[in-house]
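Any value given below was found using the heavy atoms of this structure, including those in side chains, with hydrogens, waters and symmetry copies removed. Computed from a predicted model, the values in this text were never measured in an experiment.
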Amino acid sequence: MLDRKFIVENAELVKQNCKNRGIDVNVDRFVELESQRKTLQTEVEELNREANLLSKSIGKAKDEAERNARKEKGRRLREKTNQERAELDCLAAELDAIHRTIPNMAHPDAPLGADDKSNLELFKGKTPLPEFDFKPLDHVDLAERLDLVDFQSGAQVAGHGFYFLKNDAVLLELALQRYALEVLISEGFTPMTTPDLARNDILEGAGYIPRGPETQIYSIADTELSLIATAEITLGGMLAGRTIDAEDLPIKLCGISHCFRTEAGAHGRATRGLFRVHQFTKVEMFAFTLPEESDSMLEHLRDLECRLFDGLGVPYRVVDTATGDLGGPAWRKFDLEAWMPGRDEYGEVTSTSNCTDYQARRLNVRYKIKGEKGTRFLHTLNGTAVAVSRAIIAILENHQQPDGSVVVPEVLREMMGKERIDCV
RNA sequence: GGAUGGGUGGCCGAGUGGACUAAGGCGACGGUCUUGAAAACCGUUGUGUGGGAAACUGCACCGGGGGUUCGAAUCCCUCCCCAUCCGCCA
């Protein structure tokens with residue numbers, strides 16, 4: 001969420017930002033309600049002050065008659081207060097509903113545009129595009145030949161969008177996680193495995209909407225829990241409600257979790273194979289920083305993603321995400337799009353965002369500078385290290401050989417125990 | 001899943017309806033003393049949000065939400081969490 005005062009004082013900027021992001025919000029209504037809320041709040045507080053004074057005087061009243069008279073006065077005062085407070089609660093609820101739909105501001109350098117077509121390519125990775133002197137297969141055909149993925153059984157057991165990894169794909173999944181962890185641990189990240197479920201209020205704090213017509217989130221019936229769509233939710237939620245000493249920042253975490261997504265409304269677009277699935281494993285980076293350090297942390301996370309995919313020998317490009325494609329919480333977002341020869345186009349494999357204080361305000365994570373009074377909201381960032389299913393697509397398709405085998409990237413060979421995935 | 005006990009400030013911990021304006025301790029910070037330090041002694045002490053140039057001051061906050069009452073840390077309801085024991089279990 002944005003700071004309420006900021007919205008009121010910068011209504012035009014906020015409106016322009018909503019427009020840039022293609023989000024329809026009634027900012028004027030928010031400003032109007034906020035001014036009403038303040039007035040009403042002051043009135044309620046004044047009534048409380050009177051009631052407090054009166055209550056205290058009753059204990060000290062000299063006789064029974066005086067006490068009863070004051071009690072009666074207190075009763076009337078309370079009725080009035082309750083009435084005003086009900087009004088205030090009603091107002092606050094409407095205000096909050098609008099507040100939650102107002103997206104984060106965007107970095108001034110984020111490209112303007114309605115959707116991913118306006119994303120700006122910044123640079124390409126170290127690995128050049130592969131040149132095949134044969135017609136490359138897509139990962140579905142490769143996986144079938146190499147007996148790596150069982151889509152049919154996945155559909156039988158859990159439905160379309162689920163799959164079993166088999167044989168070397170299982171080793172590849174583990175090796176990818178291990179590879180990512182080793183890089184991140186060496187960079188000072190604390191490795192975690194996180195819950196795959198989280199409370200709905202934590203989901204909401206991270207900017208996800210657990211229930212609703214177009215939700216990406218699976219919720220668990222008869223509970224306040226949902227399956228997480230990313231470890232960003234649990235890693236961010238770890239510090240919800242806490243105040244961190246400034247000297248302990250930045251905090252860099254990396255978490256392994258399963259990710260679950262309903263992919264509601266996504267049918268028909270890039271649904272073949274492993275690209276858009278309901279469950280996958282992911283190593284996620286998460287950072288809590290001082291406000292002045294979040295922009296450089298975002299570049300750090302992006303550089304790590306580049307390092308990981310350069311290491312895998314996968315060609316990719318880095319794009320600066322356009323305002324209309326940022327989602328609610330992000331101030332700026334970079335995606336790595338790997339070259340996917342089977343689709344003959346780039347496909348998103350990682351995404352890293354600086355959410356500034358937007359998530360922190362919702363999750364109520366603050367920091368305190370020693371010796372200074374008060375606290376402030378810190379900044380949160382997240383980034384994909386490796387989303388296993390999509391990384392597997394990129395590896396299989398880019399490293400395929402004329403005979404249908406796949407050469408294992410050097411960084412994974414020791415962990416895989418082999419240099420090549422051959423037909424079984 | 002069942003039983004019991006708990007959740008109070010940075011930490012420990014007292015507090016069963018009106019002096020809680022939350023005791024006391026620890027820690028931290030400042031001071032006195034000292035060449036310096038320790039000890040001792042003295043003082044200070046949270047968060048949020050309003051008002052005010054400031055001094056200062058209002059309101060809210062004792063796990064969350066709701067209720068009773070003129071008044072709730074305290075009583076009631078509900079949810080969450082923690083501990084211990086039992087059951088089940090990888």
Side-chain angles (χ1 to χ4, degrees), chain A residues 1-9 30-31 33-93 95-97 99 193-205 210-211 219-226 233-234 237-249 251 258 288 291 357-378:
Chain A
M1 285 190 280
L2 292 178
D3 180 38
R4 284 200 301 241
K5 215 184 290 173
F6 176 87
I7 298 171
V8 170
E9 286 167 5
F30 181 92
V31 173
L33 285 170
E34 173 63 5
S35 120
Q36 287 176 24
R37 185 198 64 80
K38 276 178 93 167
T39 309
L40 204 50
Q41 179 101 38
T42 308
E43 281 173 32
V44 170
E45 281 177 10
E46 176 57 24
L47 286 169
N48 276 342
R49 193 182 65 82
E50 283 174 40
N52 287 344
L53 278 173
L54 185 62
S55 294
K56 275 174 195 161
S57 79
I58 289 174
K60 291 168 190 152
K62 44 192 178 306
D63 58 52
E64 195 61 22
E66 178 63 27
R67 230 190 307 276
N68 282 334
R70 290 184 188 177
K71 278 189 192 180
E72 181 51 34
K73 200 178 166 197
R75 219 165 289 150
R76 284 198 305 272
L77 200 54
R78 187 184 58 147
E79 270 170 37
K80 198 177 169 198
T81 309
N82 282 347
Q83 208 180 330
E84 293 223 354
R85 200 169 50 198
E87 216 178 306
L88 179 64
D89 288 347
C90 184
L91 207 71
L95 199 58
D96 185 62
H99 197 179
T193 59
T194 94
D196 285 342
L197 282 72
R199 293 177 194 284
N200 288 338
D201 56 315
I202 298 289
L203 281 270
E204 281 163 19
R211 303 198 202 275
S219 50
I220 309 292
D222 303 323
T223 72
E224 275 300 307
L225 291 169
S226 295
I233 292 164
T234 42
M238 276 180 75
L239 298 186
R242 305 220 196 143
T243 303
I244 314 297
D245 284 340
E247 57 204 62
D248 292 335
L249 295 173
I251 294 172
H258 292 116
F288 301 89
D357 60 0
Y358 192 87
Q359 276 179 336
R361 188 171 283 108
R362 287 197 185 198
L363 288 168
N364 192 24
V365 195
R366 299 159 176 275
Y367 71 94
K368 179 171 176 56
I369 296 171
K370 220 174 163 179
E372 278 187 22
K373 201 154 172 65
T375 59
R376 290 162 70 193
F377 292 109
L378 46 67

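- Distance check: E50(A) CD to T81(A) OG1 gives 8.0 Å after rounding to the nearest 0.5 Å.
- For K73(A), the NZ atom counts as loosely surrounded, since its 6.0 Å shell holds 12 or fewer non-hydrogen atoms of other residues, nucleotides or ligands.
- Between F288(A) and L249(A), the closest heavy-atom pair is O-CD2, 3.5 Å.
- For residues 239-248 of chain A, no pair satisfies salt bridge (Lys or Arg N to Asp or Glu O under 4.0 Å), with sequence neighbours left out.
- Protein atom CG of D222(A) is 13 Å distant from nucleotide atom P of G1(B), rounded to whole Å.
- A salt bridge between E72(A) and R76(A) is present, with a side-chain N of the basic residue lying under 4.0 Å from a carboxylate O of the acidic one.
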Distances for protein N/O vs nucleotides 67-73 of chain B N/O pairs under 3.5 angstrom?
unit_1: C70(B); atom_1: OP1; unit_2: R75(A); atom_2: NE; d: 2.6
unit_1: C70(B); atom_1: OP1; unit_2: R75(A); atom_2: NH2; d: 2.8
unit_1: C70(B); atom_1: O4'; unit_2: K71(A); atom_2: O; d: 3.3
unit_1: C70(B); atom_1: O2'; unit_2: S55(A); atom_2: OG; d: 3.2
unit_1: G71(B); atom_1: O4'; unit_2: S55(A); atom_2: OG; d: 3.1

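- Rounded to whole Å, the distance from CG on D245(A) to C1' on G46(B) is 14 Å.
- Here the separation of C33(B) from A38(B), taken at their P atoms, is 15 Å to the nearest Å.
- Comparing the P positions of A19(B) and C11(B) gives a spacing of 26 Å, expressed to the nearest Å.
- Taking the C1' atoms as reference points, G46(B) lies 12 Å from A22(B), given to the whole Å.
- Taking a pair to require two hydrogen-bonding distances under 3.5 Å in either a Watson-Crick or a G-U wobble arrangement, G58(B) pairs with U49(B).
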Without placing hydrogens or testing angles, list every side-chain donor-acceptor pair under 3.5 Å for residues 82-91 of chain A, not counting sequence neighbours.
unit_1: N82(A); atom_1: OD1; unit_2: R85(A); atom_2: NH2; d: 3.2

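- The side chain of T243(A) places no N or O atom within less than 4.0 Å of a non-bridging phosphate oxygen (OP1 or OP2) of G10(B).
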Please write out the pairs of protein N or O atoms and N or O atoms of nucleotides 80-83 of chain B separated by less than 3.5 Å, giving the distance to one decimal.
unit_1: C80(B); atom_1: O3'; unit_2: R199(A); atom_2: NH2; d: 3.0
unit_1: C81(B); atom_1: OP1; unit_2: R199(A); atom_2: NH2; d: 2.9

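- The separation between R376(A) atom CZ and G48(B) atom C1' is 16 Å, rounded to whole Å.
- Partners of N52(A) by side chain to side chain contact (heavy atoms under 4.5 Å, CB included), not counting sequence neighbours: none found.
- For the P atoms, the distance linking G13(B) with C26(B) amounts to 15 Å, nearest Å.
- Contact annotation: the side chain of Q36(A) never approaches that of T39(A) to less than 4.5 Å [non-hydrogen atoms, C-beta and beyond].
- What you find for A198(A) and I233(A) is that their closest heavy atoms are CB-CG2, 4.1 Å.
- At the phosphate of U47(B), OP1 or OP2 sits under 4.0 Å from a side-chain N or O atom of K368(A).
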Are any protein N/O atoms closer than 3.5 Å to N/O atoms in nucleotides 57-59 of chain B? If there are, list each pair with its distance.
unit_1: G58(B); atom_1: N2; unit_2: E45(A); atom_2: OE1; d: 2.5
unit_1: G58(B); atom_1: N2; unit_2: E45(A); atom_2: OE2; d: 3.4
unit_1: C59(B); atom_1: OP1; unit_2: N52(A); atom_2: ND2; d: 3.4

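- To the nearest 0.5 Å, atoms CZ (R366(A)) and CG (L378(A)) are separated by 9.5 Å.
- Following rounding to the nearest Å, I369(A) (CD1) and C29(B) (C1') show an atom-to-atom distance of 17 Å.
- Contact check on R70(A) versus E66(A) returns a salt bridge, with a Lys/Arg side-chain nitrogen under 4.0 Å from an Asp/Glu carboxylate oxygen.
- With P as the reference atom, G15(B) and C75(B) are 12 Å apart, rounded to whole Å.
- Across U74(B) and G7(B), the matching C1' atoms stand 15 Å from one another, rounded to whole Å.
- When the P atom is used for both G43(B) and G25(B), the distance is 11 Å, rounded to whole Å.
- Rounded to the nearest Å, the gap between the C1' atom of U45(B) and that of G9(B) is 10 Å.
- Residue contacts for R366(A): at a heavy-atom cut-off of 4.0 Å it reaches the sugar-phosphate backbone alone, with no base atom in range.
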